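Since the model is a prediction, treat every value here as computed from it, not as a measurement.
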Amino acid sequence: MKFTKWQGCGNDFVVVDFLDKEPMDFAALAVRMCDRHFGIGADGLMVACPSETADVRMREFNPDGSEPEMCGNGIRCFARYLYDYGRIKKECFTIETLAGTMVPRIITQDGTVTAVEVDMGVPVLAGDKIPVAGFGVEQVVAQPLTVDGTEYKMTCVSMGNPHCVIFVDDAEGFPLVKLGAQFENHPAFPRKINTEFVQVRDRTHARMRVWERGAGITLACGTGTCATLTAGVLNDVLDRAADIEVDGGVIHVEWRADGHIFMTGPAEPVFTGEWQGTL
């Protein structure tokens with residue numbers, strides 16, 4: 001089975017093409033392929049599938065085999081794969097995901113791809129839609145959450161997948177290894193949660209570190225940067241356009257007047273190969 005590997009700000013993905021193939025047990029394949037010692041190694045497996053509602057369908061699987069609704073860095077890498085390998089002939093197209101239809105745009109300069117912009121849609125803010133237990137249709141902005149005996153202020157957003165944003169004084173020094181899984185599995189979050197720990201440097205620049213649901217610490221999270229900007233605007237600490245610095249680079253995010261979030265960042269090829277492993 002041929003594959004390509006990609007990274008967006010250090011968030012790395014294996015892409016396999018099943019546009020012309022019968023589907024298989026992708027969850028089991030993800031567990032094998034994403035293993036960094038016995039497989040290829042990746043934060044997720046992206047699968048190109050036919051779609052009845054968009055140009056292409058994207059399925060994503062975490063290293064533990066779970067299937068999240070969306071992945072911001074992943075969809076940029078996925079979009080560039082489709083463009084670079086001629087599976088899509090246009091620079092702006094549609095991708096079906098579990099979070100709805102996303103619209104990436106390939107950005108080129110002198111014939112070279114420099115970035116990928118994605119219309120990530122409108123952020124979901126109602127507590128029961130994210131979901132966060134106990135809030136009904138109310139927004140979850142700067143609400144208390146106790147983890148490991150310490151009270152934090154959480155702002156929660158869904159970008160098709162659930163996020164909890166915690167503003168901190170020192171993102172670099174925050175103990176992700178110790179506390180990340182406790183946030184992910186907190187009973188307040190019925191479907192678990194992706195958690196961003198964010199230090200605001202000024203109104204157009206924030207430093208973000210992330211614990212991803214089903215993956216743990218990663219170098220970047222595209223939907224997390226969108227949630228971070230949204231939370232920053234709701235808490236009046238960020239403007240509606242800002243650069244979000246993650247461990248692996250910088251992603252630019254804008255919350256435009258029409259309510260849609262646009263995310264722009266890199267998507268780079270790493271290598272290609274042929275998978276010899278079995279399930």
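A single hydrophobic cluster is not seen to contain both I95 and V103; linkage of ILVMFWY side chains at heavy-atom distances under 4.5 Å, directly or through other members, places them apart. The cluster map of Ile, Leu, Val, Met, Phe, Trp and Tyr, joined by side-chain heavy atoms under 4.5 Å apart, puts I261 and L234 in the same cluster. A continuous path of hydrophobic side-chain contacts links V56 to V113 [ILVMFWY only; heavy atoms under 4.5 Å]. I193 is not connected to M159 by any chain of hydrophobic side-chain contacts under 4.5 Å among Ile, Leu, Val, Met, Phe, Trp and Tyr, and they are in different clusters. At a threshold of 4.5 Å between side-chain heavy atoms, the hydrophobic network of Ile, Leu, Val, Met, Phe, Trp and Tyr places M46 and L98 in two separate groups.
I106 CD1 to I88 CD1: the interatomic distance, rounded to the nearest 0.5 Å, is 9.5 Å. Once rounded to the nearest 0.5 Å, the distance linking OH of Y152 with CD1 of I166 reads 8.0 Å. Here the CG-CE distance, from L229 to M120, works out to 12.5 Å after rounding to the nearest 0.5 Å. Rounding to the nearest 0.5 Å places CZ of R209 at 13.0 Å from OG1 of T228. The line from CZ of F3 to CD of E274 is 9.0 Å long, rounded to the nearest 0.5 Å. Interatomic distance, D119 CG to C92 SG, rounded to the nearest 0.5 Å: 8.5 Å.
W255 has its side chain out of reach of F262: every pair of non-hydrogen atoms, C-beta onward, lies at least 4.5 Å apart. Residues T272 and K5 form no side-chain contact, since every pair of their non-hydrogen atoms from C-beta on lies 4.5 Å or further apart. Taking the side chain as every heavy atom from C-beta outward, F26 and V31 never approach each other to under 4.5 Å. Side chains of M33 and D35 form no contact here, defined as non-hydrogen atoms less than 4.5 Å apart. Taking the side chain as every heavy atom from C-beta outward, I251 and M263 approach each other to under 4.5 Å. Counting heavy atoms from C-beta on, the side chains of M24 and L29 come closer than 4.5 Å. Counting heavy atoms from C-beta on, the side chains of Y83 and E91 come closer than 4.5 Å.
When every heavy atom of A241 is checked against every heavy atom of E254, the shortest pair comes out as CB-CG, 3.7 Å. In plain terms, the two heavy atoms of A242 and H252 that are nearest each other are O-ND1, 3.5 Å. Nearest heavy atom pair, residue F61 against residue A30, reads CB-CB, 3.5 Å. Of all the heavy atoms in Q199 and A171, the pair that sits closest is OE1-N, 3.1 Å. Considering all non-hydrogen atoms of both residues, V246 and A220 come closest at CG2-CB, 3.6 Å. Here the closest heavy-atom approach between residue C226 and residue T230 is recorded as O-OG1, 2.9 Å.
No side-chain donor from either of N194 and T223 sits under 3.5 Å from a side-chain acceptor of the other. A donor-acceptor pair shorter than 3.5 Å cannot be found between the side chains of D110 and T112. Side chain to side chain, D43 and T218 fail the donor-acceptor criterion of an N or O pair below 3.5 Å.
In this structure, the ring of F189 has its center no less than 6.0 angstrom from the ring center of F183. Here F197 and F167 keep their ring centres 6.0 angstrom or further from each other.
For D55 and R87, the salt-bridge test fails: no basic side-chain N is under 4.0 Å from an acidic carboxylate O. Using a 4.0 Å cut-off between charged nitrogen and carboxylate oxygen, D17 and K2 do not count as a salt-bridge pair. Taking a cutoff of 4.0 Å between a charged side-chain nitrogen and a carboxylate oxygen, R80 and E117 do not qualify as a salt bridge. Here R207 pairs with E172 in a salt bridge; the nearest charged N to carboxylate O distance falls below 4.0 Å. Here R203 pairs with D236 in a salt bridge; the nearest charged N to carboxylate O distance falls below 4.0 Å. A salt bridge does not link E52 with R57: every distance from a Lys NZ or Arg NE/NH1/NH2 to an Asp or Glu carboxylate oxygen is 4.0 Å or more.
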Task: Check against side chain to side chain contact (heavy atoms under 4.5 Å, CB included), D202 and V200 - done: CA-CA 6 Å; D202 57 53; V200 175; 5.9 Å; no

Open item on the list: What verdict does the side chain to side chain contact (heavy atoms under 4.5 Å, CB included) test give for I40 and C34, after you've listed the backbone C-alpha separation in whole Å, the side-chain angles of each residue and the deciding distance to 0.1 Å?
Closed with: CA-CA 6 Å; I40 298 164; C34 293; over 6 Å; no

Open item on the list: Checking D243 against H205 for the side chain to side chain donor-acceptor pair (under 3.5 Å) test, could you report, in this order, the C-alpha distance in whole Å, the side-chain angles of both residues, the deciding distance, and whether it holds?
Closed with: CA-CA 5 Å; D243 290 331; H205 183 198; over 6 Å; no

Open item on the list: What verdict does the side chain to side chain contact (heavy atoms under 4.5 Å, CB included) test give for M208 and V165, after you've listed the backbone C-alpha separation in whole Å, the side-chain angles of each residue and the deciding distance to 0.1 Å?
Closed with: CA-CA 9 Å; M208 181 195 102; V165 179; over 6 Å; no

Open item on the list: Determine whether R36 and D12 satisfy the following criterion, salt bridge (Lys or Arg N to Asp or Glu O under 4.0 Å), listing intermediate values before the conclusion.
Closed with: CA-CA 11 Å; R36 296 192 182 275; D12 58 342; 2.8 Å; yes

Open item on the list: Apply side chain to side chain contact (heavy atoms under 4.5 Å, CB included) to residues C156 and H163 and explain how you reach the verdict.
Closed with: CA-CA 6 Å; C156 297; H163 291 269; over 6 Å; no

TODO: I would like to know whether E184 and W211 meet side chain to side chain donor-acceptor pair (under 3.5 Å); could you show each step before the answer?
DONE: CA-CA 8 Å; E184 177 185 355; W211 180 279; 2.8 Å; yes

Can you list, pair by pair, the side-chain donor-acceptor contacts under 3.5 Å of residues 122-150, counting residues two or more places apart and other chains?
from, atom 1, to, atom 2, distance (Å)
Q143, NE2, V141, O, 3.3
D148, OD2, K178, NZ, 3.4

Just distance, no hydrogens or angles: give the donor-acceptor pairs under 3.5 Å from side chains in residues 66-79, sequence neighbours left out.
from, atom 1, to, atom 2, distance (Å)
S66, OG, N62, ND2, 3.0
S66, OG, D64, OD1, 2.6
E67, OE1, R59, NH2, 2.9
E67, OE2, R59, NE, 3.0
E67, OE2, R59, NH2, 3.4
E69, OE1, R213, NH2, 2.6
N73, OD1, R76, NH1, 2.8
N73, OD1, R76, NH2, 2.7
N73, ND2, N11, OD1, 3.2
R76, NE, G265, O, 3.3
R76, NE, P266, O, 3.0
R76, NH2, P266, O, 2.9

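Around the CZ atom of F271, the shell of radius 6.0 Å holds more than 12 heavy atoms that belong to other residues, nucleotides or ligands. By the neighbour-count criterion of 12 heavy atoms within 6.0 Å, atom CG of D170 is densely surrounded, having more than that number from other residues, nucleotides or ligands.
When atom types are taken as modelled, the side chain of T114 and the backbone of I107 share a donor-acceptor pair closer than 3.5 angstrom. Judged by distance alone, the side chain of N235 and the main-chain N or O of V237 form no donor-acceptor pair under 3.5 Å.
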